[in-house]
Number of protein chains: 2
Amino acid sequence: MQQNDEIGFFIKLISECLQKKANQTLKEFDLTLSQARILFYLHDRNETQTSLKDLEDFFEVTHPTIIGILNRLEGKDFVRNEHNSKDKRLKTIFLTEKGINLFFTMDHFRKTTERKMMQGLTSDQITELQSLLTTVYKNIQEI
Amino acid sequence: MQQNDEIGFFIKLISECLQKKANQTLKEFDLTLSQARILFYLHDRNETQTSLKDLEDFFEVTHPTIIGILNRLEGKDFVRNEHNSKDKRLKTIFLTEKGINLFFTMDHFRKTTERKMMQGLTSDQITELQSLLTTVYKNIQEI
DNA sequence: GCTAAATATGTAGCATGCTACGATTATATA
DNA sequence: TATATAATCGTAGCATGCTACATATTTAGC
């Protein structure tokens, strides 16, 4: 472990640590990080209609995962859905008024988190990090 | 999302992708990645006695998480535990014969995975990646 | 047009992470 | 020594990821 799988394990630690910290902060909004990311995405889509499939593709998770998160968001009245009349297989997901308001409430948090994450790194280093991670990601996808 | 939380989300994608790919391969050994990491750790500890607390500290997860994984490993007869007679609060975790054999069976897989992950990167680039990730990790821990 | 295949969503059950609460044992302090 | 605190492990219940199976609708091929 110490010699092998070192970076893989390290990346997992970072991912889980970010999730824990974010969930602590998001608790006051009655949200989790995965739920918040979906709210952000729905807001950023603006006028573009969003289906479950769109969410699956963007977040690279399976549809049961998306359904679970959306059910909890609907239970808290942050999103709602409508059946698409053109293709009856599709559900279109919308932010509610409450969801839109929450988005703006969290906007400051959203913008400062990545800044804190990248503290002490030059923009060249950030670019380098993204490039190195992209290589690693491509390698893993081919395993 | 696209502008903010970009690297945080990317790191999550990488971590989950590695987990999915590893779990596919490990399926033939009746193991998951989290379970395999614990087997590796137990083997690397060699003669050092390992408690639940040691596992919690190394893997940076809570004890209910470790208990769950160990229960599944015990159910498959890969590990066993004994009560520590000096401190009755402690359980000592051991690999069984079956667990030790599995370790050697998986050794090749263990060694090639990180190599595949790092394909196309020079050792300087790997060092740079580790250094950049360490900075990010420290930043996140202070949030 | 009809049937087969593909696509989108739903449900059940599992693994792994968490928090919150409890039980037992060790340690520290009055 | 006696009691309070700390440390370790256990259980319950939840969120988020998965696979496998099911259903409904659309699309493609004959």
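Below, chain A is the first sequence line, B the second, and so on; all start at residue 1.
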Within the structure, does a side-chain N or O atom of B:Lys86 lie under 4.0 Å from either OP1 or OP2 of C:dA26?
no
Do any side-chain nitrogens or oxygens of B:Gln35 fall under 4.0 Å of OP1 or OP2 in C:dT16?
yes
Under 3.5 Å, which donor-acceptor pairs do the side chains of residues 13-20 of chain A form with other protein atoms, sequence neighbours left out?
| from | atom 1 | to | atom 2 | distance (Å) |
| --- | --- | --- | --- | --- |
| A:Lys20 | NZ | B:Glu60 | O | 3.1 |

Just to be sure I understand the rule, does B:Gln19 reach a base, reach only the sugar-phosphate, or reach nothing, if contact means heavy atoms closer than 4.0 Å?
nothing
Measure CG/A:Leu26 against C1'/D:dA15 and give the value in whole Å, please.
14 Å
Whether A:His43 and A:Phe104 hold their rings parallel, tilted or perpendicular, with breakpoints at 30° and 60°:
perpendicular
Within this structure, what is the CG-to-C1' distance between A:Leu33 and D:dG17, rounded to whole angstrom?
14 Å
Check the orientation of B:Phe29 and B:Phe109. Use parallel for under 30°, tilted for 30 to 60°, and perpendicular for over 60°.
tilted
Both A:Lys27 and B:Gly68 contact DNA chain C. Taking the nearest nucleotide for each, which residue is further toward the 5' end?
B:Gly68
Is it true that A:Arg110 and A:Asp44 make a salt bridge, defined as a side-chain N closer than 4.0 Å to a carboxylate O?
yes
Taking only residues two or more places apart in sequence, or in another chain, which ones meet A:Asp30 in a salt bridge (Lys or Arg N to Asp or Glu O under 4.0 Å)?
none
Give a yes/no on whether any side-chain N or O of A:Thr65 is located under 4.0 angstrom from OP1 or OP2 of D:dT16.
no
Assign A:Thr62 to base, sugar-phosphate, or nothing according to its heavy-atom contacts below 4.0 angstrom with the strands shown.
base
So does A:Lys88 get a side-chain nitrogen or oxygen closer than 4.0 Å to the phosphate oxygens (OP1/OP2) of D:dA24?
no
Whole angstrom is fine here: how far is it from CZ in A:Phe59 over to C1' in D:dA15?
16 Å
Mind calculating the distance between NZ (B:Lys12) and C1' (C:dT16) to the nearest angstrom?
13 Å
B:Glu60 CD - C:dG17 P separation (whole Å):
12 Å
Between P of D:dT19 and NZ of B:Lys20, the distance in whole Å
8 Å
A:Arg80 and A:Thr96 side chains, donor-acceptor separation under 3.5 Å:
no
Please work out whether the ring planes of B:Phe103 and B:Phe40 are parallel, tilted or perpendicular, with thresholds of 30° and 60°.
perpendicular
Heavy-atom contacts, protein to nucleotides 2-11 of chain C, under 4.0 Å, summarised as B (base), S (sugar-phosphate only) or - (none) per nt, yield -----BSBBB
From CD of A:Glu16 across to P of C:dC18 the rounded distance in Å is 7 Å
At less than 4.0 Å, is any side-chain N or O atom of B:Thr32 found next to OP1 or OP2 of C:dA15? Yes or no.
no
Round to the nearest Å and state the distance from A:Arg72 atom CZ to D:dG17 atom C1'.
10 Å
